[in-house]
2 protein chains.
Amino acid sequence: MPYSKQHKQQTREKILHSAFNLFTAKGFDGVTVNQLMQSCKLTRGAFYAHFTSKADLYSEVIKHSASSSKLAELKPDDVTDKQWLGELLDGYLSIEHVNGTTPCPLAFLATDIVTRDIGARLAYANAYQGMNQAVINFANSYTECDPRQVLALTAMIIGAVAIARTMDDQQAIISLLNACRSEAGLKLGGI
Amino acid sequence: MPYSKQHKQQTREKILHSAFNLFTAKGFDGVTVNQLMQSCKLTRGAFYAHFTSKADLYSEVIKHSASSSKLAELKPDDVTDKQWLGELLDGYLSIEHVNGTTPCPLAFLATDIVTRDIGARLAYANAYQGMNQAVINFANSYTECDPRQVLALTAMIIGAVAIARTMDDQQAIISLLNACRSEAGLKLGGI
DNA sequence: AATAAGATATGATAAAGGTCATATTAAAAT
DNA sequence: ATTTTAATATGACCTTTATCATATCTTATT
């Protein structure tokens with residue numbers, strides 16, 4: 001048998017990883033299969049040994065992104081839920097996030113996802129629910145937290161990052177992110 | 001001279017109008033010049049008598065949308081600024097809006113705009129500033145209003161509509177819209 | 001080293017779509 | 001009615017791109 005057992009799996013992961021970065025940066029239509037595979041140092045022909053179609057890949061990428069998100073990271077033991085939530089917010093509402101290091105698909109693909117197939121939309125919905133639930137869980141550990149307020153909060157931070165990405169004025173981006181960070185802190189019991 | 005003086009202008013408006021609906025529904029790449037012109041009962045050849053390119057049209061559409069937005073409508077005299085702002089929020093955070101009657105490009109094109117040329121992005125930035133300023137103006141007429149809070153507010157409602165459009169669960173959409181409507185009301189002095 | 005199974009590369013295909021050159025048509029002015 | 005000018009339609013071109021069939025290469029196992 002050729003290639004080590006995990007070889008294909010590794011290639012698949014590499015494709016998913018590259019695809020995640022490319023799709024979040026340029027949207028579904030802004031990425032070609034060729035581009036994607038070249039960014040993996042492969043050629044387009046190999047793609048179809050891993051995914052049945054580009055649309056299929058898109059769903060898989062969004063599903064996969066959940067496991068590689070910051071929310072999936074373990075909270076260090078010496079950090080309280082409250083502190084951790086604050087750090088997550090700091091990262092989410094940061095210039096680095098807007099610039100595309102560890103992009104959140106919820107913000108980066110919000111309007112892109114609307115016209116995709118049901119698989120992609122379901123994966124997106126899942127990720128969205130995951131984010132809301134995570135915030136609720138962290139917040140509930142130290143304060144009374146209304147799930148309805150969390151919906152408003154996540155809409156705000158997702159919206160903020162999505163809008164920030166459209167802007168060229170760095171100062172305006174910072175203002176927007178800071179404004180939302182303050183609001184979020186207030187809503188979550190002063191963090 | 002053929003055709004009445006305003007004929008071309010009218011056709012141009014028709015194209016802009018159709019393009020606005022199509023682009024907000026399907027994104028830039030989701031619309032073909034052919035589709036667009038057919039929806040105007042014209043053929044693609046005529047397009048280039050009105051716009052130099054599809055990308056050019058996109059900028060023009062976003063610029064044009066400002067003048068046809070609800071914000072551009074005159075506020076009736078028998079309605080206070082406070083009431084009017086409340087009605088604008090009601091409309092913005094409504095199922096009808098999410099379904100695409102009178103779509104707001106800020107929410108419908110948020111991630112689509114990121115990869116477009118500078119003209120489109122500037123037009124978007126303009127519209128965004130217009131929305132923030134409008135909220136500030138209306139709110140200031142009856143309450144003290146922190147511009148930073150307005151940034152958080154518009155991020156929230158734009159985000160809410162963008163996210164709502166990705167969802168299939170109608171009940172979840174309603175919950176999201178209602179949650180944001182409540183929050184917005186609180187932030188704007190109880191409306 | 002040889003083999004075989006499977007991963008990757010190559011070349012081809014077909015469809016889609018933006019754009020333009022050219023033809024046609026509509027209607028205002030004479 | 002004819003003319004003229006600009007708007008619209010038609011046909012073509014060329015590029016891009018997803019996908020697939022087939023060829024080639026890799027490497028674990030023998």
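Every chain is numbered from 1, with letters handed out A, B, ... down the list of sequences.
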Taking atom [atom2] of [N] as reference, at what distance in whole Å does atom [atom1] of [X] sit?
| X | N | atom1 | atom2 | value |
| --- | --- | --- | --- | --- |
| B:Phe28 | C:dA16 | CZ | C1' | 15 Å |
| A:Tyr3 | D:dC25 | OH | P | 11 Å |
| B:His50 | D:dA9 | NE2 | C1' | 12 Å |
| A:Phe51 | D:dC20 | CZ | C1' | 18 Å |
| A:Lys8 | C:dA9 | NZ | P | 14 Å |
| A:Phe47 | C:dT10 | CZ | C1' | 18 Å |
| A:Leu57 | D:dA18 | CG | P | 11 Å |
| A:Lys54 | D:dA18 | NZ | P | 4 Å |

- request: Assign each of A:Thr52 and A:Gln35 to its nearest nucleotide of DNA chain D by heavy atoms, then name whichever residue's nucleotide is nearer the 5' end.
  value: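 Taking each residue's closest nucleotide, the earlier one in sequence belongs to A:Gln35.
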query: Using the C1' atoms of the five pairs at each end, what is the angle between the end axes of the helix from C:dA1-D:dT30 to C:dT30-D:dA1, to 10°?
result: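 Axis-to-axis angle, ends of the helix: 0°.
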Can you see if the side chain of [X] gets near the phosphate of [N] - specifically, an N or O under 4.0 Å from OP1 or OP2?
| X | N | value |
| --- | --- | --- |
| A:His7 | C:dT8 | yes |
| A:Thr11 | C:dA7 | no |
| A:Tyr48 | D:dC20 | no |

Which listed nucleotide ([options]) is nearest to the side chain of [X]?
| X | options | value |
| --- | --- | --- |
| B:Ala49 | C:dT19, D:dT8, D:dT17 | D:dT8 |
| A:Arg44 | D:dT8, D:dT19, D:dT10 | D:dT19 |
| A:Thr32 | D:dA18, D:dA7, D:dT27 | D:dA18 |

task: For B:Val31 and for A:Met37, find the nucleotide of DNA chain C with the closest heavy atom, then tell me which residue's nucleotide is more 5'.
output: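 It is A:Met37 whose nearest nucleotide is closer to the 5' end.
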- request: Assess the side chains of A:Gln133 and A:Gln129: does a donor N or O sit below 3.5 Å from an acceptor N or O?
  value: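 A:Gln129 and A:Gln133 do not have a side-chain donor-acceptor pair below 3.5 Å.
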message: Under a 3.5 Å threshold, yes or no: a donor from one side chain and an acceptor from the other, between A:Gln9 and A:Glu13?
response: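 Yes.
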query: Is the side chain of B:Asp112 donor-acceptor paired with the backbone N or O of B:Phe108 at a distance under 3.5 Å, no angle test?
result: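 Checked: no pair found.
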task: Using modelled atom types only, decide if a donor and an acceptor are shared between the side chain of B:Lys63 and the backbone of B:Leu122 within a distance under 3.5 Å.
output: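 Side chain of B:Lys63 to backbone of B:Leu122: no pair is present.
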message: Quick check on side-chain contact (heavy atoms from CB on, under 4.5 Å): which of A:Val61, A:Asp56, A:Ile62 does A:Tyr58 satisfy it with?
response: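 With A:Tyr58 as partner, side-chain contact (heavy atoms from CB on, under 4.5 Å) holds for just one option, A:Ile62.
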CD/A:Glu144: more than 12 non-hydrogen atoms of other groups inside 6.0 Å: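 Open.
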message: So B:Thr43, base contact, sugar-phosphate only, or nothing? Heavy-atom distance under 4.0 Å.
response: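 Base: the residue B:Thr43, judged by heavy atoms under 4.0 Å, touches a nucleobase.
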Point-to-point distance, once rounded to the nearest 0.5 Å, from CG of B:Asp169 to CZ of A:Arg121: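 Reported to 0.5 Å precision, the distance equals 12.5 Å.
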